[in-house]
Amino acid sequence: MSMTDPIADLLTRLRNAQLARHHTTTVPASKVKARIVAILKEEGYIEDFKTVTRKPQDDIEIFLKYDPNGSGAIHGIRRESKPGRRVYVGADGIPKVRNGLGVAIVSTSKGVLADHSARNSRVGGELLCSVW
């Protein structure tokens, strides 16, 4: 099966794993996906992640986070820029997700950044996804 949008695949696997109450989920590794997952950890949406070396491609194992009531830390996760419709934003155009309660992840010239880091660095780029 050819993968046209690996980032959408990552988001879907996270969403499905959390709905199914799994503790971990695995996605094929890439630098961009590793960075997105790192931001999700920094922002407190996942517990942790690690890269697992495999042939022909490494995997990223993601440890999901739940509150004591068992509801997942990720309430919503949405792909913003798609292969068929790319969404680019300037530093001033980076949206506030859920009034700043969520985080937008932007692919910039300085790498993949969380919305607040991109605003502080005054860089815009491709709006990859929003998480809340």
Side-chain angles (χ1 to χ4, degrees):
M1 184 187 111
S2 87
M3 179 87 58
T4 52
D5 190 354
I7 295 171
D9 176 65
L10 163 70
L11 304 183
T12 299
R13 287 181 195 217
L14 280 170
R15 198 180 295 117
N16 292 345
Q18 190 172 274
L19 281 169
R21 297 269 183 270
H22 290 305
H23 290 291
T24 65
T25 185
T26 309
V27 296
S30 77
K31 283 182 183 164
V32 172
K33 286 193 266 187
R35 192 60 200 115
I36 290 173
V37 172
I39 291 170
L40 291 178
K41 181 184 174 183
E42 286 161 20
E43 301 292 330
Y45 289 107
I46 61 171
E47 204 63 60
D48 205 358
F49 70 98
K50 67 178 185 209
T51 306
V52 183
T53 310
R54 296 223 169 90
K55 293 278 179 239
Q57 187 181 13
D58 292 354
D59 283 338
I60 301 172
E61 190 175 357
I62 303 166
F63 300 90
L64 300 173
K65 190 174 185 177
Y66 299 93
D67 68 12
N69 309 327
S71 60
I74 299 171
H75 296 140
I77 190 161
R78 186 174 62 225
R79 181 76 163 114
E80 300 291 356
S81 185
K82 303 182 175 79
R85 194 185 70 96
R86 297 287 181 194
V87 180
Y88 296 98
V89 290
D92 299 325
I94 298 169
K96 278 217 185 321
V97 180
R98 296 279 191 265
N99 257 335
L101 294 174
V103 64
I105 298 176
V106 190
S107 175
T108 72
S109 55
K110 295 191 174 156
V112 178
L113 302 173
D115 52 4
H116 49 86
S117 310
R119 271 189 221 101
N120 292 344
S121 306
R122 305 289 305 139
V123 288
E126 186 181 347
L127 185 59
L128 297 177
C129 59
S130 305
V131 189
W132 63 90

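Quick note: residue numbers are just sequence positions, from 1. Please read these numbers as outputs of a predicted model, since none were measured by experiment. Computed over heavy atoms, backbone and side chain alike; hydrogens, waters and symmetry mates excluded.
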Residue list, salt bridge (charged side-chain N to carboxylate O under 4.0 Å, His left out) with D92, at least two apart or on another chain: R122

Heavy-atom check, side chain of R54 versus side chain of T26, under 4.5 Å: yes

D115 versus G102, closest heavy-atom pair with distance: OD2-O, 4.1 Å

N99 atom CG, neighbour heavy-atom count above 12 within 6.0 Å: no

Closest approach of T4 to P83 (non-hydrogen atoms, all atoms of both residues): O-CG, 3.7 Å

Value rounded to 0.5 Å, distance of NE2 in H23 from CD in E61: 12.5 Å

CD-OG distance between E43 and S117, expressed to the nearest 0.5 angstrom: 7.0 Å

Heavy-atom pair of closest approach, residues A104 and P95: CB-O, 4.1 Å

Separation between CZ of R119 and CD1 of I94, rounded to the nearest 0.5 Å: 5.5 Å

Hydrophobic cluster (4.5 angstrom, side-chain heavy atoms) - remaining members for L128: I7, L10, L11, L14, V27, V32, I36, V37, I39, L40, Y45, I46, F49, I60, I62, L64, Y66, I74, I77, V103, I105, V112, V131

Spatial distance of atom NZ (K82) from atom CZ (R86) [nearest 0.5 Å]: 11.0 Å

P28 and K33, any side-chain heavy atoms less than 4.5 Å apart: yes

Residue pair R85 / E80: nearest heavy atoms and the distance that separates them: NH2-O, 3.8 Å

G44 versus A73, closest heavy-atom pair with distance: O-CB, 4.0 Å

Separation between CZ of R21 and OG of S71, rounded to the nearest 0.5 Å: 7.0 Å

R35 (side chain) donor-acceptor with S107 (main chain) under 3.5 angstrom: no

